[in-house]
Amino acid sequence: EVQLVESGGALVQLGGSLTLSCAASGFIIDAYIIGWFRQAPGKEREGVACISSSDGTTHYADSVKGRFTISRDTAKNTVYLQMNSLEPEDTAVYYCAAQLGWRISLASEEYDYWGQGTQVTVSS
């Protein structure tokens, strides 16, 4: 059974760094496209980054390009989101999600399995 568990959320200062983890069970992450999404209070859920199920190709939202990096560790069956140069606008609950598909996408409707979320708060 597919399960995703996020961890690593914390309160960080403006300009700080944080790495989120998404531990998968019930499936092998290399067989799925994995995405990171976030939702701030009063705002719609938005895609942040995703990584392909084949060659590890990545895609990022414009708002985080150059600051965030998505990666995977096959041995640990875990996907990470490294976040640098954090801004107050990055404050949100962050979710990881998984899907079987042919192309990577930041569209949330393409994803079938979701974690419970982890809170990231960036102080100003």
Side-chain angles (χ1 to χ4, degrees):
E1 184 170 343
V2 173
Q3 289 186 302
L4 299 167
V5 180
E6 304 95 334
S7 62
L11 172 65
V12 298
Q13 293 183 324
L14 172 68
S17 297
L18 193 65
T19 298
L20 305 181
S21 298
C22 175
S25 61
F27 70 103
I28 303 300
I29 58 171
D30 285 358
Y32 286 73
I33 297 169
I34 308 296
W36 281 98
F37 298 81
R38 66 187 182 186
Q39 188 165 23
K43 297 184 179 180
E44 296 293 323
R45 181 175 54 190
E46 64 173 335
V48 174
C50 57
I51 186 166
S52 77
S53 59
S54 55
D55 62 359
T57 299
T58 58
H59 182 65
Y60 298 91
D62 288 342
S63 60
V64 306
K65 284 182 179 178
R67 300 190 298 119
F68 290 12
T69 302
I70 188 171
S71 62
R72 64 188 178 194
D73 186 328
T74 299
K76 297 180 180 179
N77 211 36
T78 298
V79 176
Y80 303 95
L81 184 68
Q82 181 180 340
M83 304 183 293
N84 299 319
S85 302
L86 284 164
E87 306 167 352
E89 292 75 17
D90 296 317
T91 295
V93 177
Y94 283 72
Y95 301 88
C96 65
Q99 61 141 322
L100 288 170
W102 296 105
R103 296 181 180 273
I104 60 174
S105 173
L106 291 178
S108 60
E109 62 267 23
E110 298 290 335
Y111 290 79
D112 302 303
Y113 307 102
W114 294 81
Q116 84 290 343
T118 186
Q119 177 71 48
V120 173
T121 302
V122 183
S123 64
S124 60

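FYI, the numbering just counts along the sequence from 1. All values reported here derive from a predicted model rather than from experimental measurement. All heavy atoms count here, side chains included; hydrogens, waters and symmetry mates do not.
Inter-residue side-chain proximity for Thr91 and Gln119 is flagged as met; some heavy-atom pair is nearer than 4.5 Å. Contact check for Phe68 versus Leu86: side-chain heavy atoms found under the 4.5 Å cut-off. Side-chain contact check for Ser105 versus Ile33: every heavy-atom pair is 4.5 Å or farther apart. Side chains of Tyr32 and Tyr113 form a contact here, defined as non-hydrogen atoms less than 4.5 Å apart. No side-chain heavy atom of Tyr60 sits less than 4.5 Å from a side-chain heavy atom of Arg67.
Atom CD of Gln13 sits in a sparse spot, with 12 or fewer heavy atoms from other residues, nucleotides or ligands closer than 6.0 Å.
Pairs engaging residues 110-122 under the salt bridge (charged side-chain N to carboxylate O under 4.0 Å, His left out) rule: none recorded [sequence neighbours left out]. For residues 89-124, the pairs satisfying disulfide bond (SG atoms under 2.5 Å apart) are Cys22-Cys96, with sequence neighbours left out.
Cluster annotation: Met83 and Val79 are assigned to the same hydrophobic cluster (Ile/Leu/Val/Met/Phe/Trp/Tyr, side-chain heavy-atom contacts under 4.5 Å, transitive). The same ILVMFWY cluster, assembled from side-chain heavy atoms under 4.5 Å apart, contains both Ile104 and Trp114. There is a path of hydrophobic side-chain contacts, each under 4.5 Å, that joins Tyr94 to Ile51. In the hydrophobic clustering of this structure, Val122 groups with Val48; members are Ile, Leu, Val, Met, Phe, Trp, Tyr whose side-chain heavy atoms approach within less than 4.5 Å, directly or through other members.
For Asp30, the salt bridge (Lys or Arg N to Asp or Glu O under 4.0 Å) test picks out Arg72, with sequence neighbours left out.
Ring geometry for Tyr111 versus Phe37: interplanar angle over 60°, hence perpendicular rather than tilted (30 to 60°).
The closest donor-acceptor contact from the side chain of Asp73 to the backbone of Thr78 lies at 3.5 Å or more, if one exists at all.
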